[in-house]
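Worksheet for the structure shown next.
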Amino acid sequence: MKVLSVASEIYPLIKTGGLADVAGALPLALQGLGIETRTLVPGYPAVMKAVADKAVKLHDFPNLLGEPATLLAAKHAGLDLLILDAPAYFGRMGNPYNAPHGEGYSDNWRRFAALSKAGAEIAGGTLSDWRPDIVHTHDWQAAMTTVFMRYAETPEVPSILTIHNIAFQGNFDAGIFPWLGLPSHALAVDGIEYYGRIGYLKGGLQTAWAVSTVSPTYAREIETPQFGMGLEGLISARAHTVHGIVNGIDTDVWDPETDETIARRFTASKLRLRDDNRIRLCENFGLDNDDSPIFSVVSRLTWQKGMDLLAEAVDALVAMGGKLAVLGSGDYNLEQAFLDAVRRHPGRVGTVIGYDETLSHMQQAGADAILIPSRFEPCGLTQLYALRYGCVPVVARTGGLADTVVDANPAALASKSATGIQFSPVETWSLIHAIRRTIDLYNDKKIWLQMQKQGMKSDVSWDASAARYADLYSKLQLMAK
Ligand SMILES: Nc1ncnc2c1ncn2[C@@H]1O[C@H](COP(=O)(O)OP(=O)(O)O[C@H]2O[C@H](CO)[C@@H](O)[C@H](O)[C@H]2O)[C@@H](O)[C@H]1O
């Protein structure tokens with residue numbers, strides 16, 4: 001089976017968050033199931049540089065929504081890539097979506113419509129020797145692919161849209177409509193019209209044959225106004241085609257036994273070796289090297305991630321004897337709040353503002369627990385990395401966090417199935433209570449070791465979930481017949 005995946009970022013070439021991890025790992029997992037995925041990605045400078053000496057030209061688009069573009073093909077890190085080389089759209093250094101001062105680029109509507117248009121053209125048979133059986137789009141940046149497919153003259157290919165985060169919808173002024181080259185009836189409630197504006201994710205939800213999101217709990221949550229962010233009606237209306245499939249992780253990139261970026265490699269039976277990573281972590285974050293538990297954060301510093309709640313809980317965490325190592329970037333005020341916490345608690349709180357893949361591995365390998373107080377979390381990946389590295393996840397009971405971490409309640413502790421701590425509601429007092437519970441569990445060395453080991457046994461691979469995607473693709477193929 002041949003799948004065209006369309007994504008605006010892909011690990012290891014360009015990553016701002018979890019979408020890149022999934023776009024990079026799922027094709028590899030599907031390979032073993034006889035599914036050949038080609039991924040269409042924008043030709044950002046980082047991508048063009050990585051494939052400079054191996055990319056071959058496949059097709060020219062003389063006028064892709066107003067600008068010329070070239071479609072290239074290259075293999076990289078086991079991935080089969082189709083690269084949309086369009087310097088006017090993607091030849092910008094830095095963050096793929098935002099200008100240096102942090103605002104989204106004003107022409108994002110055109111950049112990602114162009115990506116999607118190219119995807120639709122490929123689905124329609126632009127490449128004479130390769131046409132996909134299934135089109136799989138990710139998030140609003142690729143969601144217009146199925147919209148262009150719906151209004152094209154070529155027969156439609158079965159499709160699936162995966163929502164990684166419904167908070168990002170790609171909503172734009174209706175004035176862009178003439179530039180998209182769609183027929184006038186596409187600007188309707190069963191097309192891309194969205195409360196008088198144009199919604200890319202909304203259009204994708206309307207036109208993709210199936211919809212998935214990245215955990216079963218989030219799939220249910222987005223049917224409600226609290227989580228659906230305006231799209232709950234549409235999600236509910238097609239609930240029978242909305243699938244919740246939990247993400248896996250690339251267990252080769254995230255393997256404590258072989259990870260070359262950490263100070264000391266370890267396994268579940270040699271957890272004492274973790275101590276070297278703990279020491280390195282303390283050095284890097286300026287923390288006292290003592291026995292008290294180290295809580296870590298690897299996150300965008302945003303409201304979604306509940307980082308304001310954690311900023312409010314820092315003093316209590318330190319007062320209870322914990323230490324905190326924060327790696328992240330995001331909202332200026334939150335960055336400042338964690339830098340202030342370092343000044344208030346030298347040796348007890350360490351903050352690194354920025355994005356650092358190597359340091360993130362060290363966090364998972366050296367910290368005792370990771371804090372994830374998200375207000376909503378479609379799946380979450382950092383708790384999965386943590387489980388694999390013997391770092392105990394302390395998570396809000398929402399979305400994929402609820403689905404992947406087994407709370408250390410008395411029954412789970414008695415049956416030795418606990419892998420972490422869940423808390424609810426997502427409020428500061430409740431987070432502080434969870435930190436208290438975590439410290440108590442940490443102080444019982446036998447229980448803590450048991451939880452670490454149980455977490456390391458969790459299946460966080462793509463195996464089960466890739467099989468579910470493969471099954472879904474097969475069902476969609478049958479629908480086309
Ligand atoms: N400062 C930093 N330095 C280094 N690495 C950092 C970092 N900050 C974050 N990361 C990394 O970026 C990724 C973030 O993944 P998440 O799943 O937490 O969320 P994100 O909200 O981006 O993704 C959305 O899509 C994913 C994929 O479907 C869903 O899991 C998630 O719930 C949804 O919000 C992880 O690989 C993490 O290690």
Side-chain angles (χ1 to χ4, degrees), residues 256 261-264 266 271-301 305-373 382 385-386 389-395 420-421 423 428-429 431-445 448-449 451-452:
T261 66
I262 60 180
R264 187 75 183 257
F266 60 95
L271 273 171
R272 252 179 304 118
L273 299 178
R274 264 185 123 253
D275 288 351
D276 288 355
N277 297 311
R278 213 171 175 277
I279 292 168
R280 180 72 67 82
L281 185 66
C282 289
E283 285 165 9
N284 271 275
F285 282 85
L287 297 175
D288 299 338
N289 179 21
D290 57 26
D291 283 344
S292 58
I294 307 174
F295 291 87
S296 71
V297 167
V298 180
S299 183
R300 287 185 284 117
L301 302 180
K305 302 290 181 183
M307 286 296 131
D308 51 322
L309 307 178
L310 179 58
E312 286 170 5
V314 172
D315 293 347
L317 182 152
V318 172
M320 289 186 273
K323 298 193 288 280
L324 178 66
V326 177
L327 167 63
S329 61
D331 298 351
Y332 177 79
N333 288 342
L334 289 171
E335 292 181 354
Q336 293 309 310
F338 287 109
L339 290 169
D340 280 348
V342 179
R343 287 188 274 274
R344 284 201 308 280
H345 304 290
R348 311 309 293 173
V349 179
T351 298
V352 174
I353 299 298
Y355 188 93
D356 188 327
E357 196 80 27
T358 305
L359 205 48
S360 77
H361 282 240
M362 193 180 338
Q363 295 262 67
Q364 303 288 12
D368 299 299
I370 186 167
L371 287 170
I372 315 180
T382 53
Y385 303 142
Y389 278 65
C391 175
V392 173
V394 181
V395 304
I421 288 92
F423 66 92
T428 308
W429 65 265
L431 169 62
I432 292 172
H433 182 66
I435 293 168
R436 170 83 268 158
R437 278 177 69 205
T438 308
I439 294 176
D440 289 345
L441 290 162
Y442 174 83
N443 287 333
D444 187 328
K445 290 296 164 217
W448 191 257
L449 189 65
M451 282 175 64
Q452 285 180 296

| field | Minimum heavy-atom distance Ile353-Ser329, with the two atoms named | value | CG2-CB, 4.3 Å
| Gly366 versus Leu281, closest heavy-atom pair with distance | C-CD2, 3.7 Å
| Pro256 vs Gln364 side-chain heavy atoms within contact, under 4.5 Å | no
| message | Rounded at 0.5 Å granularity, tell me how far CD in Glu335 sits from CE in Met307. | response | 12.5 Å
| Ile432 and Met320: side-chain contact (heavy atoms from CB on, under 4.5 Å), yes or no, with the steps? | CA-CA 10 Å; Ile432 292 172; Met320 289 186 273; 3.8 Å; yes
| task | Measure the spacing between NZ of Lys445 and CG of Asp291 and express it to the nearest 0.5 Å. | result | 7.0 Å
| field | Electrostatic pair Arg344:Asp315 at N-O distance under 4.0 angstrom | value | yes
| Does the Arg348 side chain pair with the main chain of Leu324, one donor and one acceptor, at a distance under 3.5 Å? | no
| request: Taking the side chain as every heavy atom from C-beta outward, state whether Phe295 and Thr438 have any atom pair closer than 4.5 Å. | output: yes
| Looking only at heavy atoms, what is the nearest atom pair of Cys391 and Ala369, with distance? | SG-C, 3.6 Å
| field | Validation row: Val342, Phe285 side chains within 4.5 angstrom (heavy atoms) | value | no
| remark: Minimal heavy-atom distance between Cys282 and Lys323, with the atoms involved, is SG-CE, 4.5 Å
| said: Can you tell whether the side chains of Asp368 and Arg278 come within less than 4.0 Å, N to carboxylate O? | reply: yes
| field | pair Asn277-Phe266: side-chain heavy atoms closer than 4.5 Å | value | yes
| For the atom pair NE2 (His345) and CG (Leu287), what is the distance rounded to the nearest 0.5 Å? | 12.5 Å
| message | Evaluate Leu317 against Val349 for side-chain contact (heavy atoms from CB on, under 4.5 Å), listing each step before the verdict. | response | CA-CA 10 Å; Leu317 182 152; Val349 179; 5.9 Å; no
| query | Do Asp308 and Asn333 have side chains that get closer than 4.5 Å, going by heavy atoms? | reply | no
| query | Are Asp440 and Arg436 within salt-bridge range, i.e. N to O under 4.0 Å? | reply | yes
| task | Output the distance between atom NZ (Lys305) and atom CG (Leu334), rounded to the nearest 0.5 Å. | result | 13.5 Å
| Which distance, rounded to the nearest 0.5 Å, do you find between the CG of Leu441 and the CD1 of Ile421? | 5.0 Å
| task | Would you check if Ser360 and Tyr355 make a side-chain contact, meaning some heavy-atom pair closer than 4.5 Å? | result | no
| note | Of all heavy-atom pairs linking Val392 and Gly420, the shortest is CG1-CA, 3.7 Å
| request: Could you check if a side-chain atom of Thr382 sits within less than 4.5 angstrom of a side-chain atom of Ser299, using non-hydrogen atoms only? | output: no
| message | If we ignore hydrogens and angles and just use 3.5 Å, is the side chain of Arg300 paired with the main-chain N or O of Asp331 as donor and acceptor? | response | no
| task | Verify side-chain contact (heavy atoms from CB on, under 4.5 Å) between Val297 and Leu310, making sure each step is shown before the conclusion. | result | CA-CA 10 Å; Val297 167; Leu310 179 58; 3.4 Å; yes
| message | Do Met362 and Thr261 have side chains that approach each other closer than 4.5 Å (heavy atoms only, starting at C-beta)? | response | no
| request: Taking all heavy atoms of Leu327 and all of Gly354, pick out the closest pair and write down the distance. | output: CD1-O, 3.7 Å
| request: Look up atom CD in Gln363 and atom OH in Tyr389, then write down how far apart they are to the nearest 0.5 Å. | output: 13.0 Å
| Donor-acceptor under 3.5 Å (Thr351 side chain, Phe338 main chain) | yes
